[in-house]
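Data first, discussion second: the structure below is written as structure tokens.
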Number of protein chains: 2
Amino acid sequence: MQQLKFERIPRATISRLAVYVQELEVMEQQGIKVISSEKLAQLCGVNPSQIRKDLAYFGEFGVRGVGYYVHELREAIRQSLGLDRTWNVVLVGVGNLGRALLRHNLLRKRGFVIVAAFDCDPFKIGEEIAGLEVNCTSKLPKSTRDMNVEIGVITTPPERAQRAANYLMEGGIKGIVNFAPSRITTPENISVEYVDFIHHMFSVAFNITQNQSKGLL
Amino acid sequence: MQQLKFERIPRATISRLAVYVQELEVMEQQGIKVISSEKLAQLCGVNPSQIRKDLAYFGEFGVRGVGYYVHELREAIRQSLGLDRTWNVVLVGVGNLGRALLRHNLLRKRGFVIVAAFDCDPFKIGEEIAGLEVNCTSKLPKSTRDMNVEIGVITTPPERAQRAANYLMEGGIKGIVNFAPSRITTPENISVEYVDFIHHMFSVAFNITQNQSKGLL
DNA sequence: TAATGTGAAGTTGTTCACAGCG
DNA sequence: CGCTGTGAACAACTTCACATTA
């Protein structure tokens with residue numbers, strides 16, 4: 001339909017769009033039909049024109065003098081982000097975090113279906129978690145190809161993240177979400193996202209430290 | 001010692017510093033003594049001058065014509081970020097993710113000690129996880145004050161995140177790391193970080209979609 | 001001499017302000 | 001009339017280029 005423009009879209013815009021979707025969903029559940037950029041901005045903690053700019057990358061979804069129809073806007077963003085479909089996902093590294101993700105139902109609710117889990121620890125192989133049997137990592141490349149998986153999630157210890165990434169790429173994966181606290185190297189055409197909550201702990205620690213030293217002035 | 005400058009430090013700088021620390025640690029373990037901004041940049045996937053600029057916010061840590069002493073630099077960054085101490089942390093919401101964090105040893109290794117866990121589900125209260133008894137959330141404010149806790153981690157379902165935040169603030173917490181996929185509102189002086197892996201899944205999905213449509217041109 | 005530290009240039013992202021439209 | 005959509009102004013961040021120094 002839209003998606004006609006071809007400027008490069010800022011990363012920041014994408015992650016804000018994700019926030020908008022989330023808040024729009026809540027509104028929809030509350031029965032709110034129309035929302036202005038002003039009000040949505042307030043809820044998301046951003047500037048109203050920011051929202052309008054972000055949306056403008058993908059099309060014109062609003063009605064002047066009125067605002068945005070909540071349901072319509074949500075669908076438009078979902079479509080723009082490529083979320084109007086399901087994505088097959090595999091997970092590598094069945095530790096604490098891996099298990100939590102396997103059991104997490106929000107992923108599935110958002111269209112990300114974990115179709116296989118892998119680990120190289122013989123003690124974990126064969127174990128069943130959330131209806132999924134843990135397989136040996138060596139089987140990963142073939143499985144992902146057979147199951148037409150496009151996204152890989154890495155939840156291994158840091159030192160094994162690169163190896164996991166290599167297996168995933170061998171399996172023809174197109175994007176990786178890396179929860180391990182270490183950088184991985186991949187060719188340009190593989191999209192990599194890092195989820196490192198320790199960094200956020202660091203940020204908070206830093207901000208607290210700074211707020212306190214500011215208080216002393 | 002340093003920390004003399006008082007320009008505002010970009011958020012982005014902070015999160016990159018966290019990456020540098022991580023990579024420096026790996027190097028130290030490998031016995032590497034000296035590193036240039038060039039090489040470190042390569043490992044971290046950033047521009048060399050970016051590193052030098054980032055470090056310049058905090059002081060001069062390098063030796064011209066030589067580079068940076070790995071151990072020294074790591075310590076300098078840790079100190080600058082306020083990581084040369086331990087931080088008491090409480091966790092609210094003992095679901096899959098909460099459990100995973102409680103059992104995660106990387107947090108403690110980095111100086112973040114979870115000293116208490118809370119949940120409002122009577123079935124969970126009393127349960128012991130990673131040597132910590134789950135307490136009723138109503139006890140949170142008093143406990144955090146008594147234990148001198150500065151950071152709260154929220155791992156509740158989204159609809160309960162705000163309530164958790166309120167309890168934490170009542171308990172005198174100064175910073176919050178919110179893993180729940182919903183915005184929370186707090187006064188200015190509370191530092192809030194959002195960890196939302198779903199957003200990263202969205203980003204990857206979007207990038208894959210875009211790469212593919214690029215391929216069609 | 002090699003690599004840092006840094007002003008200046010360049011790039012990217014954000015906010016403003018208002019024209020345009022339902 | 002009110003709120004969107006958007007060019008223009010602004011702010012923030014990144015990279016360049018080179019003077020500086022161990």
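Lettering of chains follows the sequences in order, A, B, ..., and the numbering in each one begins at 1.
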Return the set of residues passing side chain to side chain contact (heavy atoms under 4.5 Å, CB included) with [X] (not counting sequence neighbours), or none when no residue passes.
| X | result |
| --- | --- |
| A:Lys33 | none |
| A:Ala205 | B:Leu83, B:Trp87, B:Phe112 |
| B:Pro181 | A:Gln22, A:Leu106, B:Pro158, B:Asp196 |

What's the [atom1]-[atom2] distance between [X] and [N], to the nearest Å?
| X | N | atom1 | atom2 | value |
| --- | --- | --- | --- | --- |
| B:Leu17 | D:dT14 | CG | P | 11 Å |
| B:Asp54 | D:dT14 | CG | C1' | 10 Å |
| B:Phe61 | C:dT6 | CZ | P | 11 Å |
| B:Arg11 | D:dC13 | CZ | C1' | 14 Å |
| A:Phe58 | D:dT4 | CZ | C1' | 18 Å |
| B:Ile51 | C:dT4 | CD1 | C1' | 12 Å |
| A:Tyr57 | C:dT12 | OH | C1' | 9 Å |

ask   = Does anything in residues 181-204 of chain A reach DNA chain D, meaning a heavy atom under 4.0 Å, and if so which residues?
value =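 By residue number: none to list.
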Sequence-distant partners of A:Arg64, side chain to side chain donor-acceptor pair (under 3.5 Å), two or more places apart = none
ask   = Who are the side chain to side chain donor-acceptor pair (under 3.5 Å) partners of B:Asp84, not counting sequence neighbours?
value = none
request  = Give every residue pair that meets the side chain to side chain donor-acceptor pair (under 3.5 Å) criterion with at least one member in residues 44-56 of chain A, sequence neighbours excluded.
outcome  =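 Listed once each, the pairs are A:Thr13-A:Asp54, A:Arg16-A:Asp54, A:Tyr20-A:Asp54, A:Ser37-A:Arg52, A:Asn47-A:Ser49.
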query = Any ion pair linking A:Glu193 and A:Arg11 (charged N to carboxylate O, less than 4.0 Å)?
reply = yes
ask   = Any Lys/Arg nitrogen of B:Glu25 or B:Lys109 sitting under 4.0 Å from an Asp/Glu carboxylate oxygen of the other?
value = no
inquiry  = Tell me which residues in residues 23-45 of chain B lie within less than 4.0 Å of DNA chain C, going by non-hydrogen atoms.
reply    =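 Heavy-atom cutoff 4.0 Å gives B:Ser36, B:Ser37.
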In residues 89-97 of chain B, what donor-acceptor pairs under 3.5 Å come from side-chain atoms, sequence neighbours left out?
| unit_1 | atom_1 | unit_2 | atom_2 | d |
| --- | --- | --- | --- | --- |
| B:Asn96 | ND2 | A:Arg103 | O | 3.3 |

task = Could you list all the salt bridge (charged side-chain N to carboxylate O under 4.0 Å, His left out) pairs where at least one residue sits in residues 36-46 of chain A, not counting sequence neighbours?
result = none
task = Just grab all the salt bridge (charged side-chain N to carboxylate O under 4.0 Å, His left out) pairs involving residues 159-182 of chain A, residues at least two apart or on different chains.
result = A:Glu150-A:Lys174
task = Please determine if a side-chain N or O atom of A:Arg16 lies less than 4.0 Å away from the OP1 or OP2 oxygen of C:dG13.
result =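 For A:Arg16, the contact criterion (side-chain N or O under 4.0 Å from OP1 or OP2 of C:dG13) is not met.
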ask   = Under 4.0 Å between a side-chain N/O of A:Tyr68 and OP1 or OP2 of D:dG5, yes or no?
value = yes
note = Per-nt protein contacts along nucleotides 15-22 of chain D (heavy atom under 4.0 Å; B base, S backbone sugar-phosphate only, - none) come out as BBB--BBB
